[in-house]
Number of protein chains: 2
Amino acid sequence: MNLAVDNRLPRYQRLRDDLAARINRNEWRPGDPIPSEAELGAHYGVAIGTVRKAIDQLVSDGALERQQGRGTFVRRARFNSSMFRFFRFQSESGERRVPQSRILRRKSVPATSAVASALRIAVGEPVISLSRLRLIDDVPLLAEEIWLQKSRFEAILALATSEFGDLLYPLYENSCGQIVVSADEILTVEIATEMQSRLLRLEANAPLIMIERLAFDLERRPIEWRRSRGPADRFRYHAEIR
Amino acid sequence: MNLAVDNRLPRYQRLRDDLAARINRNEWRPGDPIPSEAELGAHYGVAIGTVRKAIDQLVSDGALERQQGRGTFVRRARFNSSMFRFFRFQSESGERRVPQSRILRRKSVPATSAVASALRIAVGEPVISLSRLRLIDDVPLLAEEIWLQKSRFEAILALATSEFGDLLYPLYENSCGQIVVSADEILTVEIATEMQSRLLRLEANAPLIMIERLAFDLERRPIEWRRSRGPADRFRYHAEIR
DNA sequence: TTCATCTAGTCATCTATATGAATTTAAGAA
DNA sequence: TTCTTAAATTCATATAGATGACTAGATGAA
């Protein structure tokens with residue numbers, strides 16, 4: 001097996017990219033072990049140290065996880081505390097609870113120019129548009145609009161929206177094999193439109209926080225674009241800068 | 001030279017911690033090269049691969065930077081785009097400019113319980129309290145309250161506040177040898193008090209964004225606590241989640 | 001002086017190997 | 001069967017050394 005692509009890049013980089021592509025291509029399912037370091041080394045014709053360096057990167061990208069003595073596994077969607085990795089909108093008291101999730105609308109539409117430019121596809125390409133309301137103790141917390149490339153997320157059109165569950169990223173992994181590993185968010189404040197204030201049960205012209213998120217797979221291609229809006233007075237957002 | 005501390009930890013970890021402590025202790029100034037990998041290996045009695053693994057961590061922590069062919073250097077405060085690493089409050093148009101900075105007040109006070117608990121020191125310990133206004137084109141953008149451990153930041157009491165410049169972290173590095181490498185931020189929305197609205201030239205009861213930041217050194221000890229408030233309608237915050 | 005070349009020092013990449021730690025599997029004993 | 005033990009497998013740590021790329025400084029030629 002050879003690692004072509006770009007011979008100017010070091011081997012561990014090309015190997016990392018090749019493994020990333022194989023994971024994205026669902027050659028192994030989440031939870032499955034990838035071949036052992038020795039096997040990969042033999043297969044690609046590189047030393048184990050080089051394999052480890054490539055795997056190191058994918059581990060720190062969150063795509064793989066190692067277990068000493070067992071093997072290296074494709075990360076599976078976790079339902080423990082780390083599921084909040086991407087949920088930074090905390091409840092008023094500061095503790096983090098899984099908000100309920102209610103899908104209001106799901107449809108397949110052609111990409112508008114804004115959606116196309118965010119997802120880096122052509123205008124008019126088919127995308128899946130979701131509208132979702134997230135609540136804690138039945139009080140609306142966030143109104144979300146979500147856009148997905150149809151070609152990658154075809155599978156969620158077949159599911160009943162009632163079976164989506166409260167978190168989308170595990171659904172993306174389990175049903176569509178799409179792993180979100182990083183995201184960019186931009187936060188701004190706006191004034192609620194009449195429709196928004198009705199949906200979130202606010203008085204007219206209440207200030208809203210708008211969170212615009214672009215989520216990437218491990219090849220850093222954008223796979224989801226979303227806009228979440230919530231009442232500013234209940235807003236509490238935590239970020240770590242490094 | 002030996003690496004005691006905790007023999008259960010791997011050598012590259014103990015080496016990383018020892019180097020981190022030496023950097024924090026200002027054994028080398030920002031911009032200075034640390035000894036070469038070969039020298040460090042000989043000095044600590046470990047292989048170069050182990051030295052590189054320790055340095056790798058400090059580089060990804062932002063404490064060191066490598067330059068192939070030249071050496072490995074203690075990171076110095078940069079005045080290029082990366083100075084925005086910790087300045088996430090963008091101007092209205094989205095481009096990032098260095099805001100002017102005006103120190104309104106500087107005094108040495110005993111730590112209140114809130115300050116002490118944030119900085120993890122005892123109540124009543126002496127801290128330096130700064131009050132600062134940041135402006136773009138002479139329009140107030142942020143009002144900041146900042147608390148620093150006095151023992152670490154003694155040096156900035158000797159400086160004229162007019163010589164602080166527009167950014168504090170370079171000042172911390174150059175005058176006090178304190179390097180900020182990571183931070184936690186919590187964002188909330190509040191209503192401006194009368195004093196705040198006067199300071200920021202807003203109408204009464206205008207919504208404010210409050211950014212509470214705890215900044216850490218490379219041994220992950222808190223060294224600065226600050227609260228920044230700015231008009232919500234000019235707010236634009238960018239975060240990367242990984 | 002100016003420019004090109006050489007050389008030594010440094011980090012970057014890569015290989016090869018050895019030992020330890022954690023886990024799984026299989027064989028064997030009760 | 002059930003439990004214990006041993007072996008095999010896998011990742012984790014560490015060493016040693018080779019080659020390449022880049023930099024800075026010295027040398028020498030024009």
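- In this entry the distance linking CZ of Arg66(A) with P of dT10(D) reads 14 Å, nearest Å.
- Ile48(B) has its CD1 atom 10 Å from the C1' atom of dT10(C), to the nearest Å.
- Distance from the side chain of Glu37(B) is smallest for dA12(C) among the nucleotides dA12(C), dT15(C), dA16(D).
- Taking 4.0 angstrom as the limit, Tyr12(B) places none of its side-chain polar atoms (N or O) nearer than this to OP1 or OP2 of dA14(D).
- Remark: Asp18(B) does not engage Arg11(B) in a salt bridge, criterion side-chain N to carboxylate O under 4.0 Å.
- Counting atom types as modelled, Gln68(B) pairs a side-chain N or O with a base atom of dA21(D) as donor and acceptor under 3.5 Å.
- When the side-chain nitrogen and oxygen atoms of Ser36(B) are compared with OP1 and OP2 of dG9(C), none of them lie within a distance under 4.0 Å.
- The interatomic distance linking Leu15(A) (CG) with dT13(C) (C1') rounds to 14 Å, in whole Å.
- Residues Arg66(B) and Asp56(B) have side chains in contact (heavy-atom distance under 4.5 Å, counting atoms from C-beta outward).
- Summarising the geometry, the separation between CZ on Arg14(B) and C1' on dA12(D) is reported as 14 Å, rounded to the nearest angstrom.
- Distance Phe73(A) CZ to dC11(D) P: 8 Å, rounded to the nearest Å.
- For Asp56(A) and dC14(C), the CG to P distance is 14 Å, given to the nearest whole Å.
- Defined by atom type and a distance below 3.5 Å, a donor-acceptor pair is missing between the side-chain atoms of Gln57(A) and Tyr12(A).
- A straight line from CD of Gln57(B) to C1' of dT13(D) spans 13 Å, rounded to a whole angstrom.
- DNA chain C is contacted by both Thr50(A) and Gln67(A); Thr50(A) maps to the nucleotide lying nearer its 5′ end (nearest heavy atom per residue).
- In this model, the phosphate group of dC11(C) is not approached by any side-chain N or O of Arg52(B) to a distance below 4.0 Å at OP1 or OP2.
- The side chain of Arg70(B) places an N or O atom within less than 4.0 Å of a non-bridging phosphate oxygen (OP1 or OP2) of dA24(D).
- To the nearest angstrom, C1' of dC11(D) lies 11 Å from CD1 of Ile34(A).
- Counting non-hydrogen atoms of neighbouring residues, nucleotides and ligands closer than 6.0 angstrom, the CZ atom of Arg102(B) reaches no more than 12 such neighbours.
- Using a 4.0 Å cut-off, some side-chain N or O of Lys53(A) falls inside it from OP1 or OP2 of dT13(C).
- Residue Thr72(B) places none of its side-chain N or O atoms closer than 4.0 Å to OP1 or OP2 of dT10(C).
- Checking Ser101(A) against Arg132(A) by side-chain atom types alone, a donor-acceptor pair falls below 3.5 Å.
- At least one side-chain nitrogen or oxygen of Arg11(A) sits closer than 4.0 Å to the OP1 or OP2 atom of dT15(C).
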